[in-house]
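For this chain, numbers begin at 1 and follow the sequence in order. Computation of the quantities below employed the complete heavy-atom set of this structure, encompassing side-chain atoms and omitting hydrogens, waters and symmetry-equivalent molecules. Each ligand, and each atom within it, is numbered from 1 in the order the structure gives.
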Amino acid sequence: VSILGATGSIGESTLRVIAEHPQRFAIAALTAQRNAEKLIALARQFRPTAVAIGDETQLPGVRSALHPLGIAVFGGATGIAEAACIPADITVAAIVGAAGLIPTMRAIEQGASVALANKEALVCAGRLVMEACATHGTRLLPIDSEHNAIFQVLAAEHRAAVEKITLTASGGPLLRRPLATFASVTPEEAVNHPRWSMGAKISVDSATMMNKGLELIEAHYLFDLPASRIEVLVHPQSIIHSLVHYADGSVLAQLGMPDMAIPIAYTLSWPERMAVTTPRLNLAEIGALQFEPLEAARFPALGLARAALNAGESHLIALNAANEIAVAAFLEGRIGFTQMAEVVERVLAETPTTSIGSIEDVLAVDESARQSSHTRIAAATLA
Ligand code: NDP
């Protein structure tokens, strides 16, 4: 198993699952961006063939720690892409953001399996990613809990009878907070997710519900369904992870406690299942499951994502890039909570509809949207 983004939240959960099955798994490559200390500790524990550190200033330190152990060490963005080419039966794509796109594509080109957490790669290059999987015979196994749930209950032989799918959403930390106070939401409040423990970016995305927008786009590509057949339902307890509605009126759902080790273990053992230490679901104890419609006015990001999906690929790339820049600015205290959606909306408004033929085209639109976002944020900060 290779893990791209091994030092993050998904990387950690993946290694927790792997550590339970030392006879079954060995580590091929591990990558990190900045956290050299954690990467070295993980490499000492799991003894991969190779590691890569994105931040090249840390390369000498990682080299001197790991070369004596016979572990190859790569550096920079190209080094991470190189690590993604180390032969592995399955690569866990768990880098955050569009930065994961190239390494994920390199892993796909190896023709083995890719367990995908890095939803932004699908948002900004979904068609190209799916085409590359078809070309190289690579199986894409979704880690995102909602998509993993659908993957678990979507029987291939019943594919034609799928009417629609429902992605469940916990509603994040701001579900019950008065809308009038949203402008004053702090980064600490936004990352304080009631159900899931995750990296900072996806936690903010969950608070704005942009995460559900990104997941809508992810589901569109993974399951080849139009946005009109993908619904979102708020389910604060995060026990039902998603549902598939069939033409005969049957609805199939996957349930489980909110712990990413569950979907990760499913991708690592697929098509089998394996034992893993996770909290067990006790419905008698939970008593009742709640559902409610999503209030669109509270969470404009979901509408922006739906509109971008209808507008075309350049809008999806711009949506993702603008959101990444806006989230970073919010976390650094440079813009307020409600300004994130405003930045994305303005950048989308000035994004032309262009045709996307290659990853280079994706990167060009991504870069231009990042520049526009910086300009917008600078203007917002001065205003
Ligand atoms: P984290 O922020 O916890 O971890 C991100 C990982 O990516 C770290 O290993 C980090 O390295 C690395 N990284 C950061 N920037 C770069 C870069 N520019 N180039 C290469 N590597 C980089 O994120 P999560 O684990 O929470 O999320 C990872 C992905 O999984 C995201 O796409 C997210 O949407 C998705 N996901 C996460 C879930 C969760 O429960 N956390 C659930 C479902 C999906 P370093 O530590 O050195 O900075």
Could you list the donor-acceptor pairs under 3.5 angstrom formed between side-chain atoms of residues 114-125 and any protein atom two or more places apart in sequence or on another chain?
residue : atom : partner : partner atom : Å
Asn118  : ND2  : Ile95   : O            : 2.9
Asn118  : ND2  : Gly97   : O            : 3.0
Asn118  : ND2  : Glu120  : OE1          : 3.0
Lys119  : NZ   : Asp144  : OD1          : 3.4
Lys119  : NZ   : Asp144  : OD2          : 2.9
Lys119  : NZ   : Asn211  : OD1          : 2.6
Lys119  : NZ   : Glu215  : OE2          : 3.2
Glu120  : OE1  : Gly97   : N            : 3.2
Glu120  : OE2  : Lys201  : NZ           : 2.8

Under 3.5 Å, side-chain donor or acceptor atoms of residues 334-343 against the rest of the protein: list the pairs with distances, not counting sequence neighbours.
residue : atom : partner : partner atom : Å
Arg334  : NE   : Glu332  : OE1          : 2.9
Arg334  : NH2  : Glu332  : OE1          : 2.8
Gln339  : OE1  : Gly336  : N            : 2.6

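When heavy-atom distances to ligand 1 are checked against 4.0 Å, the residues falling inside are Gly5, Ala6, Thr7, Gly8, Ser9, Ile10, Ala32, Gln33, Arg34, Asn35, Ile80, Ala94, Ile95, Val96, Ala99, Ala117, Asn118, Lys119, Glu120, Asp144, Met198, Gly199, Ile202, Met260, ordered by chain and number.
Partners of Glu37 according to the side chain to side chain contact (heavy atoms under 4.5 Å, CB included) rule, which considers only residues two or more places apart in sequence or in another chain, are Asn35.
Between Tyr246 atom OH and His158 atom NE2 the span is 7.0 Å, to the nearest 0.5 Å.
Side chain to side chain, Thr277 and Glu20 meet the donor-acceptor criterion of an N or O pair below 3.5 Å.
Relative ring orientation between Phe151 and Trp270 is described as tilted, the plane-to-plane angle lying within the 30° to 60° band.
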